Amino acid sequence: PGAARLNGLLAVALGRSGGDPSEIKAAIAAALKLDPACKEALLADGELLQRLGKPAEAEARFQELIQKGGDGFDVRQRLGDSLSARELYDKAQAEYTRAKALDPDRSEPYERLAKNFTKQKREAEALKELTAAAHLDIMDARLAADLVERLHGQKQWAQVIELGELALH
């Protein structure tokens with residue numbers, strides 16, 4: 001199991017650093033040969049499938065990972081991404097909500113929910129999630145700028161001022 005995990009971690013690292021897909025696949029295959037339930041390899045495979053534009057296959061891999069005990073914030077968020085890519089917005093929303101529950105202090109699932117709601121033209125809900133994300137990650141200028149732009153567009157001046165004051169502190 002130790003060697004499988006090392007190969008799985010190598011696959012994750014290669015994938016997240018933009019490595020060559022063939023090298024990532026080789027590390028995944030080596031890990032799964034040693035341990036068919038290697039969580040790191042299953043995660044790396046799901047991430048690679050997403051990267052290769054295969055969201056349905058990625059979804060299946062993330063579901064398998066969850067079934068094999070690899071549930072967590074990252075998995076639920078990536079599962080939500082796969083579902084959203086397939087325009088299964090309600091299912092994606094459920095996964096992002098699970099990710100929020102697993103780690104409520106991370107801004108990413110709030111941002112993803114905001115994007116999900118925006119794709120559905122549910123601006124009030126998108127704004128609510130983006131506001132929560134901005135309050136969790138006040139140092140992210142990109143997030144703050146997006147929120148200010150949306151608030152400005154809706155002429156919600158009090159919230160624009162509040163966000164500006166939050167950024168100053």
Side-chain angles (χ1 to χ4, degrees), residues 5 8-9 11-13 15-18 37-51 55-169:
R5 185 164 189 258
L9 289 170
V12 170
R16 291 185 180 176
S17 65
C38 178
K39 294 174 188 142
E40 295 81 8
L42 295 172
L43 176 64
D45 198 24
E47 290 177 352
L48 179 60
L49 289 165
Q50 276 184 320
R51 180 174 151 193
E57 292 176 48
E59 176 192 346
R61 193 53 111 180
F62 293 134
Q63 291 289 5
E64 179 184 354
L65 175 56
I66 291 166
Q67 290 171 355
K68 291 185 176 179
D71 197 0
F73 167 83
D74 285 333
V75 177
R76 293 295 178 166
Q77 185 167 281
R78 283 165 177 70
L79 179 55
D81 292 345
S82 293
L83 293 162
S84 184
R86 295 178 51 220
E87 299 181 0
L88 299 171
Y89 299 123
D90 290 340
K91 289 182 178 184
Q93 179 183 340
E95 295 306 328
Y96 293 139
T97 300
R98 285 183 185 101
K100 283 175 27 177
L102 288 165
D103 193 347
D105 295 328
R106 303 255 316 251
S107 64
E108 295 92 341
Y110 296 86
E111 289 181 68
R112 297 239 186 17
L113 269 168
K115 288 179 186 175
N116 199 47
F117 287 135
T118 298
K119 289 177 184 177
Q120 299 173 73
K121 302 192 185 322
R122 295 165 59 182
E123 286 302 319
E125 291 160 294
L127 191 58
K128 177 184 171 200
E129 296 298 333
L130 197 57
T131 300
H135 280 86
L136 285 169
D137 194 357
I138 59 171
M139 299 305 289
D140 187 339
R142 173 195 48 81
L143 239 175
D146 186 15
L147 181 56
V148 167
E149 185 177 318
R150 288 176 189 234
L151 291 169
H152 179 268
Q154 294 185 3
K155 300 182 181 188
Q156 296 185 22
W157 309 122
Q159 288 180 297
V160 170
I161 292 167
E162 177 188 329
L163 188 63
E165 290 175 350
L166 181 66
L168 291 174
H169 299 295

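We count residues from 1, following the sequence as given. All values reported here derive from a predicted model rather than from experimental measurement.
Comment: Lys100 engages Glu129 in a salt bridge, judged by a side-chain N to carboxylate O separation of less than 4.0 angstrom. Here Arg61 pairs with Glu64 in a salt bridge; the nearest charged N to carboxylate O distance falls below 4.0 Å. Looking at Arg112 and Glu108, no side-chain N of the basic residue comes within less than 4.0 Å of a carboxylate O on the acidic one, giving no salt bridge.
Residues satisfying the salt bridge (Lys or Arg N to Asp or Glu O under 4.0 Å) test with Glu57, not counting sequence neighbours, are none. When the salt bridge (Lys or Arg N to Asp or Glu O under 4.0 Å) test is applied to Arg51, no partner is found at least two apart in sequence or on another chain. By the side-chain hydrogen bond (donor to acceptor under 3.5 Å, both in side chains) test, Glu47 pairs with Arg16, Arg78, sequence neighbours left out. In this structure, the side-chain hydrogen bond (donor to acceptor under 3.5 Å, both in side chains) partners of Arg76, at least two apart in sequence or on a different chain, are Asp71, Glu95. Taking Ser84 as the reference, Asn116, Lys119 meet the side-chain hydrogen bond (donor to acceptor under 3.5 Å, both in side chains) condition, with sequence neighbours excluded. In this structure, the side-chain hydrogen bond (donor to acceptor under 3.5 Å, both in side chains) partners of Glu123, at least two apart in sequence or on a different chain, are Arg150.
Put simply, OG1 on Thr131 and CG on Leu136 are 11.0 Å apart, with the number rounded to the nearest 0.5 Å. The CZ atom of Phe62 sits 8.0 Å away from atom CG of Asp81, with the distance rounded to the nearest 0.5 Å.
Remark: the backbone N or O of Leu113 is not paired with any side-chain donor or acceptor of Tyr96 at under 3.5 angstrom.
For the side-chain contact (heavy atoms from CB on, under 4.5 Å) with Leu42, the lone residue among Lys68, Gln63, Gln67 that qualifies is Lys68. With Ser82 as reference, Gln50 is the one residue of Lys91, Glu59, Gln50 to meet the side chain to side chain donor-acceptor pair (under 3.5 Å) rule.
Residues Pro109 and Ala99 approach most closely at CB-CB, 4.0 Å, considering heavy atoms. Residue Gly80 comes nearest to Ala92 through the heavy atom pair O-CB, 3.4 Å, listed as atom of the first residue, atom of the second, then distance. Listed here is the closest heavy atom pair of Ala132 and Tyr110: CB-CD2, 3.5 Å. Considering all non-hydrogen atoms of both residues, Leu102 and Pro104 come closest at C-CD, 3.9 Å.
Taking 4.5 Å as the limit, some side-chain heavy atom of Leu79 sits within range of a side-chain heavy atom of Ile66.
Remark: Glu149 CD is loosely packed, at most 12 non-hydrogen atoms of other residues, nucleotides or ligands lying under 6.0 Å away.
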